[in-house]
2 protein chains.
Amino acid sequence: MSENALTQAPEALEPKTLVEGAYQRLRRDIIEGVHAPGEKLRVEHLKDRYDVGAGTLREALLLLVTDALVVAQGQRGFRVAPISIADFEDITRTRVLLETEALRQSIASGGEEWEAAIVAAFHRLSRAEQRLADHDVGTTQEWEVRNRAFHEALISASGSRWIRHFQRILYQQSERYRRISLFRQPIARDIHAEHQALFEATLARDATRATSILTEHILRTLDAVRRMPADFFTGKGKH
Amino acid sequence: MSENALTQAPEALEPKTLVEGAYQRLRRDIIEGVHAPGEKLRVEHLKDRYDVGAGTLREALLLLVTDALVVAQGQRGFRVAPISIADFEDITRTRVLLETEALRQSIASGGEEWEAAIVAAFHRLSRAEQRLADHDVGTTQEWEVRNRAFHEALISASGSRWIRHFQRILYQQSERYRRISLFRQPIARDIHAEHQALFEATLARDATRATSILTEHILRTLDAVRRMPADFFTGKGKH
DNA sequence: TCAATATATTTTCTCGAGATTTTAGACAAT
DNA sequence: ATTGTCTAAAATCTCGAGAAAATATATTGA
């Protein structure tokens, strides 16, 4: 973690310490649904799975509280943060608020390096989407990474470290929802066209159009989750 | 911590565990400037000051990372989050973005209980401001608490837990800046009139006017910090 | 005097075990 | 059958000590 905790992309660096290592693996497992939402996280069990001491694992769990992926309750241990449709709507709407503002700022003050970064990220993402359309297996993970990179590149010229910090947290949260709903609704809809339009409007410095497209783009993910069966979030149904 | 980590106001509850206790005291000390920005936080020293074991104190430090009051760096321990004018401007602008949106939502969907809570909070704040004007000593802390309570009451009807969560973090950050600059610039300007106007516009459900006043209200704190001597944030000057 | 290397000290990180609290189960009473 | 109490088990929280790393100090050579 370099100068400020807010500047640091939490997955970029490789773990310098056992705590960070456990933190990263635990985070991935939570986002991927290995540990179900609401599930109790018992230190005694997990310390074997992740091969660290109890204290070390507790610290990793504490770090995950920062990402709001884990909730700690007084004298009653840790728990995977629960999910709900209302929460996902909240995440999505707040993401729109922050991400459009950050995009506006970036368009206003972004320089050549910013443009170059977007072009590069878009190119990488397009390739992944092409491979995805060709039904190549195992490219979803790659797409996830590049999709995130594209979205971060778009707003990377925003002067606001705080907005980018919060955006990162929310994106991570929504990624968790997407992973969980992925089984039912693959990344079907023509998402590439949306990215293309977003890409062009941004480079054309058309803030109004770019933010409008971005808003629709983010909001569209709401439909997928809304179409889920009612018992999905209670955990009673079998999936 | 009840249902969701985001719903919990971190200072309301009394500590159920040693970690929480150390966390709360440590947080207060950082906000009040007892531990200067950028200062190294050595576990061996602090564990005596706060009367807990080393592991316990580390956990408290980790919790403070969530509030972005402490930064952790790989194998090099903990440090009080640094401050800068640019950071404070960022905090302030982001606060405006989030708090105005939350206020808009509250005005749109707030019910009677929301109104009642605002009336009560405003009353309590007014009394404190009156006492402050009468030069009563030791009322600044009380004012801080009630000012925060008033601002939270205003947006308490916002359906967005995430916005409220982020708002709380940012408010806490700005409180730190205010405390540090308090010595030079007391809460002079007629802040009560601003609160009064904000109060009235909100209860009148005039979202445009209310958010406009709130924006000015928050942005005005920027001036105080901008007037600080240039060497203030480097820590070279004596204060 | 300065730079570079080597040593010593400090600090962080990590683990395992004991104390406290919560949770689960058995049993009795209404 | 349900409620309540008591006991047993499990889990969390806490601490101190040892291993690893980073920092400060001393030494050597140009």
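FYI, side chains are in, hydrogens and waters are out, and symmetry mates aren't considered; it's all heavy atoms of this structure. Residue numbers start from 1 in every chain, and the chains themselves are labelled A, B, ... in the order their sequence lines are given, proteins ahead of strands.
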List in chain and number order the residues that pass side-chain contact (heavy atoms from CB on, under 4.5 Å) with A:V119, two or more places apart in sequence or in another chain; answer none if no residue qualifies.
-> A:F199, A:L203
For B:F78, check ring pair (Phe, Tyr, Trp, His ring centres under 6.0 Å) against everything at least two apart and list the hits.
-> none
Which whole-number value in Å describes the distance from A:L62 CG to D:dT14 C1'?
-> 14 Å
Salt bridge or not for A:R146 and A:E142, using N-O below 4.0 Å?
-> yes
Nucleotides bounding contact with chain B, strand DNA chain C, heavy-atom threshold 4.0 Å = C:dT11 to C:dT14
Salt bridge (Lys or Arg N to Asp or Glu O under 4.0 Å) against B:R79, all qualifying residues, sequence neighbours excluded = none
Might you confirm whether atom CZ of A:R49 has over 12 heavy atoms from other residues, nucleotides or ligands at distances under 6.0 Å?
-> yes
Could I get the full list of side-chain contact (heavy atoms from CB on, under 4.5 Å) partners for A:A149, not counting sequence neighbours?
-> none
Counting only non-hydrogen atoms, which of residues 40-56 of chain A are less than 4.0 Å from DNA chain C?
-> A:V52, A:G53, A:T56
Who pairs with B:R28 by salt bridge (Lys or Arg N to Asp or Glu O under 4.0 Å), at least two apart in sequence or on another chain?
-> none
Applying side-chain contact (heavy atoms from CB on, under 4.5 Å) to A:R93 and not counting sequence neighbours gives A:E89, A:L222, A:R226
The helix from C:dT1-D:dA30 to C:dT30-D:dA1: angle between its terminal axes, five pairs each, to 10°?
-> 20°
Which residues satisfy the side-chain hydrogen bond (donor to acceptor under 3.5 Å, both in side chains) test with B:R58, sequence neighbours excluded?
-> A:E59
Can you see which heavy atom on A:E101 is nearest to which on A:I163, and at what distance?
-> CG-CD1, 3.8 Å
Write down the protein N/O and nucleotide N/O pairs, taken from nucleotides 19-22 of chain D, whose separation is under 3.5 Å; answer none if there are no such pairs.
none

Correct closest heavy-atom pair for A:I180 and A:P37 would be CD1-CG, 4.1 Å
Excluding sequence neighbours, so at least two apart, what forms ring pair (Phe, Tyr, Trp, His ring centres under 6.0 Å) with B:Y50?
-> none
